[in-house]
Amino acid sequence: MNAGLIHFYSKNNVGDAAIHAALERLVGSALTAHDFDDQREARGRDLLISVGGDIFNNGRPGLITRRLLGKFKQLRWAPEKTILFGQSIPPSCDGIAFRLLARHLRKIASVSVRDPLSHKRLQSVGVSADLTVDSVFALEGKDADIASAQEL
């Protein structure tokens, strides 16, 4: 499968490296991370996976950050082959930010969140979301070892 990650995050810490390794295991191939300038390349992928923990954090309650708007833009690149997997919707994503997020999530192929509160919030605004475990639970053997994750 030719899959890519959107909502780029750093592999410079153990948690993000573990998420990256787990998603590669689930997809069965190496994943390419795309930043906000990779729209053309990202559209060439079979699948785009929105990754990260609290990736939709909005640092300006009552308003909306430019960074969050950029993340919404990535959800529009190819919504029919974009999935959100194993994320949480942080409390800071509220008001207009949450309503815009919900609008974008209703249009993508699949939404899976990792905590009951995010699931309940999304369901309450008509987003068809599944509740799943964090992607790192797909790790096993040496991939589940912290030292191995740090090497990635």
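In what follows, residues are counted from 1 in the order of the sequence shown.
Clustering ILVMFWY residues whenever any of their side-chain heavy atoms sit less than 4.5 angstrom apart, transitively, puts Ile89 in a cluster other than the one holding Leu63. At a threshold of 4.5 Å between side-chain heavy atoms, the hydrophobic network of Ile, Leu, Val, Met, Phe, Trp and Tyr places Val127 and Leu117 in two separate groups.
Separation of atoms NZ (Lys120) and CG (Leu131) is listed at 13.0 Å; rounding is to 0.5 Å. Put simply, OG on Ser110 and CG on Leu47 are 9.5 Å apart, with the number rounded to the nearest 0.5 Å. Of the inter-residue distances, the one linking Asn57 atom CG with Ser88 atom OG reads 11.5 Å to the nearest 0.5 angstrom. With rounding to the nearest 0.5 angstrom, the CZ atom of Arg106 is 9.5 Å from the CG atom of Leu101. Expressed to the nearest 0.5 Å, how far CG of Asp130 lies from CD of Gln123 amounts to 8.0 Å.
Looking at Phe98 and Leu122, their side chains come closer than 4.5 Å, going by heavy atoms from C-beta outward. Proximity of Leu100 to Phe56: side-chain heavy atoms (C-beta onward) are nowhere separated by under 4.5 Å. The side-chain heavy atoms of Thr65 and Leu69, taken from C-beta on, include no pair separated by under 4.5 Å. Between Leu26 and Phe85 the shortest side-chain heavy-atom distance falls below 4.5 Å. With contacts defined as side-chain heavy-atom distances shorter than 4.5 Å, the pair Leu105/Leu84 qualifies. Counting heavy atoms from C-beta on, the side chains of Ile83 and Leu48 never come closer than 4.5 Å.
A distance-only check finds a donor-acceptor pair linking the side chain of Glu24 to the backbone of Leu31 [under 3.5 Å]. Although no hydrogens or angles enter the test, the distance criterion places no donor-acceptor pair under 3.5 Å between the side chain of Lys81 and the main chain of Ala109. The backbone N or O of Arg76 sits nowhere less than 3.5 Å from a side-chain atom of Lys107 that would complete a donor-acceptor pair. Using a distance-only test at 3.5 Å, with no hydrogens or angles considered, a donor-acceptor pair links the side chain of Arg43 to the main chain of Trp77. The main-chain N or O of Pro90 is found under 3.5 Å from a side-chain atom of Arg121 such that the two form a donor-acceptor pair. A donor-acceptor pair under 3.5 Å links the side-chain atoms of Asp46 to the main chain of Asn2, judged by distance alone. Of the possible donor and acceptor atoms, one in the side chain of Gln87 sits under 3.5 Å from a partner among the backbone N and O of Ser50. Side-chain atoms of His119 do not come within 3.5 Å of backbone N or O of Val113 as any donor-acceptor pair.
Of all heavy-atom pairs between Gln74 and Ile6, the closest is O-CD1, 3.9 Å.
Side-chain atoms of Ser92 and Asn58 include no donor-acceptor pair closer than 3.5 Å.
Atom CZ of Arg103 sits in a sparse spot, with 12 or fewer heavy atoms from other residues, nucleotides or ligands closer than 6.0 Å. Around CZ of Arg60, the count of heavy atoms belonging to other residues, nucleotides or ligands within 6.0 Å does not exceed 12.
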Do Val125 and Arg99 pass the side-chain contact (heavy atoms from CB on, under 4.5 Å) test, and can you show the C-alpha distance, the side-chain angles, and the key distance before you say yes or no?
CA-CA 8 Å; Val125 293; Arg99 288 192 299 275; over 6 Å; no

